[in-house]
Amino acid sequence: MPKLIVSIDGVVIKEVTLAKDRTTLGRRPYNDIVIDNLAISGEHAVLHMIGSDVYLEDLNSTNGTYVNARAIKKQALEHNDVIEVGKYKIRYIATIAAHESGSFVRGPGSSAPMPLPLSAAPTEMSPLAPASGIAVIRVLTGAGAGRELSLQKVVTTIGKPGVAVAAVTRRLQGYVVAPIDGGTVLNGEPLGADAVALQDGDVLELGGTRMQFVHT
């Protein structure tokens with residue numbers, strides 16, 4: 001089944017498998033893909049899956065829907081196409097199997113393998129592969145003190161929705177963290193908008209809760 005990788009500012013925030021004939025995208029909570037941002041219309045776009053083909057249709061959104069930097073009304077998607085809605089970039093991956101295994105697929109009209117990028121940024125061409133060893137987030141304070149969250153997914157969100165949320169992303173070279181909503185503090189310093197590499201023992205603080213990154 002095809003898959004979408006949603007990112008903002010080069011940081012992956014969610015992955016969505018297209019398992020239905022009709023998948024809606026928008027700001028309202030009843031959409032299949034919810035992007036809670038004012039630049040996104042309540043019902044922004046819809047993806048139609050017909051056999052092995054996927055078509056993207058703009059639903060007369062306020063700010064438009066773009067594929068590979070071109071405004072569209074309805075368009076068939078090709079592997080590695082980049083959908084843009086507001087500041088969000090959504091990369092279309094035609095097959096999950098190739099994407100999840102970190103393997104390569106052949107580019108159109110070429111016999112050379114084309115690496116699957118991790119980020120939706122068009123300039124990034126690093127293959128998606130897991131970092132060596134699985135890291136955990138260990139909760140140090142609050143009601144969940146002592147609990148550990150395994151970072152097995154490509155993207156794991158931590159924190160409290162509506163208070164402070166950050167995304168920890170696995171990359172080829174290791175793990176990075178970036179704030180999504182609210183303030184995130186790393187080793188006593190507020191995080192900016194850019195993703196920052198995590199080191200074993202780093203301490204994160206979100207909404208008054210302290211957590212430690214442990215990578216053995």
Side-chain angles (χ1 to χ4, degrees), residues 1-8 10-37 39-61 63-68 70 72-108 113-122 124 126-130 134 149-158 161 165 167-172 180-181:
M1 291 181 183
K3 195 169 189 175
L4 300 176
I5 302 178
V6 184
S7 72
I8 184 168
V11 178
V12 178
I13 59 172
K14 69 174 71 178
E15 296 188 8
V16 180
T17 300
L18 296 179
K20 304 195 304 181
D21 292 340
R22 188 176 188 272
T23 302
T24 59
L25 181 154
R27 192 176 72 254
R28 301 298 182 194
Y30 51 74
N31 287 283
D32 299 302
I33 304 172
V34 179
I35 300 180
D36 189 10
N37 185 281
I40 312 301
S41 295
E43 298 175 1
H44 197 100
V46 61
L47 295 113
H48 304 277
M49 187 159 60
I50 304 172
S52 60
D53 296 323
V54 174
Y55 295 85
L56 174 66
E57 180 181 3
D58 181 77
L59 297 177
N60 296 318
S61 62
N63 294 314
T65 301
Y66 296 78
V67 175
N68 301 329
R70 290 187 176 184
I72 62 100
K73 284 299 180 184
K74 188 172 183 179
Q75 179 170 318
L77 294 176
E78 301 289 341
H79 175 69
N80 254 354
D81 276 351
V82 176
I83 304 163
E84 294 181 63
V85 289
K87 292 184 178 180
Y88 292 79
K89 294 181 185 292
I90 306 171
R91 186 172 292 277
Y92 172 72
I93 303 297
T95 58
I96 288 181
H99 169 67
E100 289 187 339
S101 65
S103 61
F104 295 86
V105 296
R106 298 192 180 279
M114 179 173 61
L116 292 174
L118 168 65
S119 167
E124 292 194 22
S126 301
L128 177 60
I134 298 297
L149 174 64
S150 179
L151 301 174
Q152 297 185 36
K153 297 179 181 179
V154 175
V155 183
T156 303
T157 55
I158 58 174
V165 178
V168 178
T169 303
R170 292 175 69 190
R171 290 187 176 174
L172 182 63
I180 295 177
D181 183 26

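What you see is a predicted model; the values in this text were computed from it and never measured. These numbers come from the heavy atoms of this one structure, side chains and all, not from hydrogens, waters or symmetry mates.
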**Student:** For residues E43 and L59, report the shortest heavy-atom separation together with the two atoms involved.
**Tutor:** O-CB, 3.6 Å
**Student:** Using side-chain contact (heavy atoms from CB on, under 4.5 Å), reason through I158 and V168 one step at a time and then give a plain yes or no.
**Tutor:** CA-CA 8 Å; I158 58 174; V168 178; 4.1 Å; yes
**Student:** Side chains of V82 and R91: closer than 4.5 Å at any heavy-atom pair?
**Tutor:** yes
**Student:** Checking D81 now: which residues fulfil salt bridge (charged side-chain N to carboxylate O under 4.0 Å, His left out) with it, not counting sequence neighbours?
**Tutor:** none
**Student:** Hey, does the side chain of D58 reach the backbone of A45 with a donor-acceptor pair shorter than 3.5 angstrom?
**Tutor:** no
**Student:** Roughly how far apart are H48 NE2 and R22 CZ, rounded to 0.5 Å?
**Tutor:** 6.0 Å
**Student:** Report the C-alpha distance between I93 and N80 in whole Å, list the side-chain angles of each, state the deciding distance to 0.1 Å, and finish with yes or no for side-chain contact (heavy atoms from CB on, under 4.5 Å).
**Tutor:** CA-CA 6 Å; I93 303 297; N80 254 354; 4.0 Å; yes
**Student:** Might you point out which heavy atoms bring P29 and V34 nearest each other, and give the distance in Å?
**Tutor:** O-CG2, 3.7 Å
**Student:** Any non-hydrogen side-chain atom of N63 less than 4.5 Å from a side-chain atom of V85?
**Tutor:** no
**Student:** Quick one, Y92 and V67 - any side-chain contact, counting heavy atoms below 4.5 Å?
**Tutor:** no
**Student:** Any donor-acceptor pair under 3.5 Å linking the side chain of S7 with the backbone of G10?
**Tutor:** no
**Student:** Look only at the side chain of H44 and the backbone of I35, and say whether a donor-acceptor pair between them is shorter than 3.5 Å.
**Tutor:** no
**Student:** Could you check N31 against L25 for side-chain contact (heavy atoms from CB on, under 4.5 Å), going step by step and ending with a plain yes or no?
**Tutor:** CA-CA 6 Å; N31 287 283; L25 181 154; 5.6 Å; no
**Student:** Looking at every heavy atom in both Y55 and K74, which two are closest together, and how far apart are they?
**Tutor:** CB-CE, 4.2 Å
**Student:** Applying the side-chain contact (heavy atoms from CB on, under 4.5 Å) criterion to P2, which one of L77, L47, V16, V54 satisfies it?
**Tutor:** V54
**Student:** Check side-chain hydrogen bond (donor to acceptor under 3.5 Å, both in side chains) between T23 and all other residues, then give those that pass, not counting sequence neighbours.
**Tutor:** none
**Student:** Could you state the interatomic distance from CD1 (I33) to OH (Y88), rounded to the nearest 0.5 Å?
**Tutor:** 13.0 Å
**Student:** The criterion is side-chain hydrogen bond (donor to acceptor under 3.5 Å, both in side chains); which residues satisfy it with K20, sequence neighbours excluded?
**Tutor:** D32
**Student:** For residues L149 and T156, determine if any side-chain heavy atom of one lies less than 4.5 Å from a side-chain heavy atom of the other.
**Tutor:** yes
**Student:** Looking at E15 and K3, is there a salt bridge between them, counting it only when a charged N and a carboxylate O are closer than 4.0 Å?
**Tutor:** yes
**Student:** Say you draw a straight line from CD of E84 to CD1 of I72; how long is it, rounded to the nearest 0.5 Å?
**Tutor:** 11.5 Å
**Student:** Can you give me the closest heavy-atom contact between A39 and G86, atom names plus distance?
**Tutor:** CB-CA, 4.1 Å
**Student:** Say you draw a straight line from CG of N68 to CD of E78; how long is it, rounded to the nearest 0.5 Å?
**Tutor:** 9.5 Å
**Student:** For the atom pair CD1 (I13) and CD1 (I8), what is the distance rounded to the nearest 0.5 Å?
**Tutor:** 6.5 Å
